[in-house]
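Heavy-atom basis, side chains included; hydrogens, waters and symmetry copies ignored.
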Amino acid sequence: MKRHTQTNTNALTEDEARHLADFVLFSQRNCILRLSPELTQDKVSYPQFFLLTYLNEEESLTMSSIAKMMGHSTAAATGMVDKLQELGYIKRFTAAADRRKIMVRITEQGRELITRMRGNIARNLATLMAQEDGAAQINQAQTLIKRRSANKLQLD
């Protein structure tokens, strides 16, 4: 008998969660190793890349929210933003409602980098799935994403 991690009928079983966690760790390690040369070519560090992925999902973010999301001090976040702005991947601007507040937005060049990297990640995952019997992992990942999306819609 499988135990559920939550009382929610949509919850993954502990075995499913462990299996999915193993897949995520394996694929993450593999993807990061393959991303490294690409990011080095574009002079972007992993934390900077992750910041770009956050910014790609938002219209704009404040410097303090960037620091909080990244788990960095405001000074460290400022350094990351400085470098990404120098590379042309993001832009700073002042908030219309409060000109003291500095906002950050991804540029089209930054979006192109994220799109290219996501394509590389997708190709890498497809290769991994072809090498391994990944159908079960894909199914579990899709199920988890659907469950999370349904739960988010219920909360909204």
Side-chain angles (χ1 to χ4, degrees), residues 5-6 8 10-12 16-17 19-129 134 137-156:
T5 56
Q6 301 175 11
N8 182 345
N10 289 333
L12 292 174
E16 289 171 330
H19 188 68
L20 189 55
D22 288 343
F23 171 71
V24 167
L25 290 172
F26 172 75
S27 60
Q28 179 184 37
R29 183 176 57 244
N30 193 287
C31 287
I32 286 176
L33 288 172
R34 290 181 187 249
L35 280 179
S36 186
E38 287 272 343
L39 292 176
T40 300
Q41 172 188 327
D42 289 303
K43 299 180 177 91
V44 175
S45 68
Y46 291 118
Q48 290 167 340
F49 175 70
F50 296 133
L51 173 55
L52 285 172
T53 63
Y54 284 130
L55 287 167
N56 196 49
E57 300 299 320
E58 303 290 334
E59 184 177 326
S60 62
L61 294 171
T62 64
M63 288 300 295
S64 58
S65 63
I66 289 171
K68 185 177 179 181
M69 274 192 320
M70 299 299 292
H72 295 313
S73 67
T74 304
T78 299
M80 287 177 50
V81 168
D82 287 345
K83 179 67 174 168
L84 289 170
Q85 185 172 8
E86 181 182 307
L87 293 168
Y89 295 129
I90 62 173
K91 284 211 176 267
R92 281 188 179 102
F93 62 98
T94 56
D98 183 352
R99 296 190 45 81
R100 296 170 294 173
K101 192 180 286 189
I102 303 298
M103 306 296 292
V104 178
R105 177 180 296 140
I106 192 168
T107 63
E108 191 55 40
Q109 184 180 349
R111 288 189 196 284
E112 289 169 4
L113 174 66
I114 295 301
T115 299
R116 191 176 78 225
M117 294 313 225
R118 278 191 175 147
N120 291 344
I121 291 168
R123 282 187 294 281
N124 184 40
L125 286 173
T127 301
L128 285 174
M129 294 298 119
Q137 291 95 335
I138 291 172
N139 187 35
Q140 286 179 334
Q142 289 173 334
T143 299
L144 179 62
I145 291 166
K146 287 177 187 173
R147 287 178 185 167
R148 295 296 178 229
S149 294
N151 288 340
K152 183 179 179 189
L153 289 175
Q154 290 173 0
L155 294 174
D156 289 345

J.: Can you list, pair by pair, the side-chain donor-acceptor contacts under 3.5 Å of residues 74-82, counting residues two or more places apart and other chains?
T.:
unit_1: Thr78; atom_1: OG1; unit_2: Thr74; atom_2: O; d: 2.8
unit_1: Asp82; atom_1: OD1; unit_2: Arg92; atom_2: NH1; d: 3.0
unit_1: Asp82; atom_1: OD1; unit_2: Arg92; atom_2: NH2; d: 2.5

J.: Do Leu87 and Gln109 come within less than 4.5 Å of each other through their side chains, counting heavy atoms only?
T.: no

J.: Just jot down the side-chain contact (heavy atoms from CB on, under 4.5 Å) partners of Ala95, sequence neighbours excluded, or say none.
T.: Lys101, Met103

J.: Quick one: are Met70 and Tyr54 in side-chain contact, heavy atoms under 4.5 Å?
T.: yes

J.: Not counting sequence neighbours, which residues clear side-chain hydrogen bond (donor to acceptor under 3.5 Å, both in side chains) with Thr53? List them please.
T.: none

J.: Only counting residues at least two apart or in another chain, list the ones meeting side-chain hydrogen bond (donor to acceptor under 3.5 Å, both in side chains) with Thr62.
T.: Ser64, Ser65

J.: Check whether any side-chain heavy atom of Val104 lies under 4.5 Å from a side-chain heavy atom of Leu84, and answer yes or no.
T.: no

J.: Which residues satisfy the salt bridge (charged side-chain N to carboxylate O under 4.0 Å, His left out) test with Glu59, sequence neighbours excluded?
T.: none

J.: What residues, two or more places apart in sequence or in another chain, satisfy salt bridge (charged side-chain N to carboxylate O under 4.0 Å, His left out) together with Arg116?
T.: Glu38, Asp42

J.: I want to check something: taking the side chain as every heavy atom from C-beta on, are Asn56 and Arg111 in contact at a cut-off of under 4.5 Å?
T.: yes

J.: Can you list everything that forms a side-chain contact (heavy atoms from CB on, under 4.5 Å) with Glu112? Sequence neighbours excluded, please.
T.: Glu108

J.: Can you name the residues that form a salt bridge (charged side-chain N to carboxylate O under 4.0 Å, His left out) with Asp22, not counting sequence neighbours?
T.: none

J.: Taking only residues two or more places apart in sequence, or in another chain, which ones meet Glu57 in a side-chain hydrogen bond (donor to acceptor under 3.5 Å, both in side chains)?
T.: Arg118

J.: Kindly write out the residues that satisfy salt bridge (charged side-chain N to carboxylate O under 4.0 Å, His left out) with Arg100, not counting sequence neighbours, or none if the list is empty.
T.: Asp98

J.: Please collect all salt bridge (charged side-chain N to carboxylate O under 4.0 Å, His left out) contacts where either partner lies in residues 63-74, sequence neighbours excluded, each pair once.
T.: none

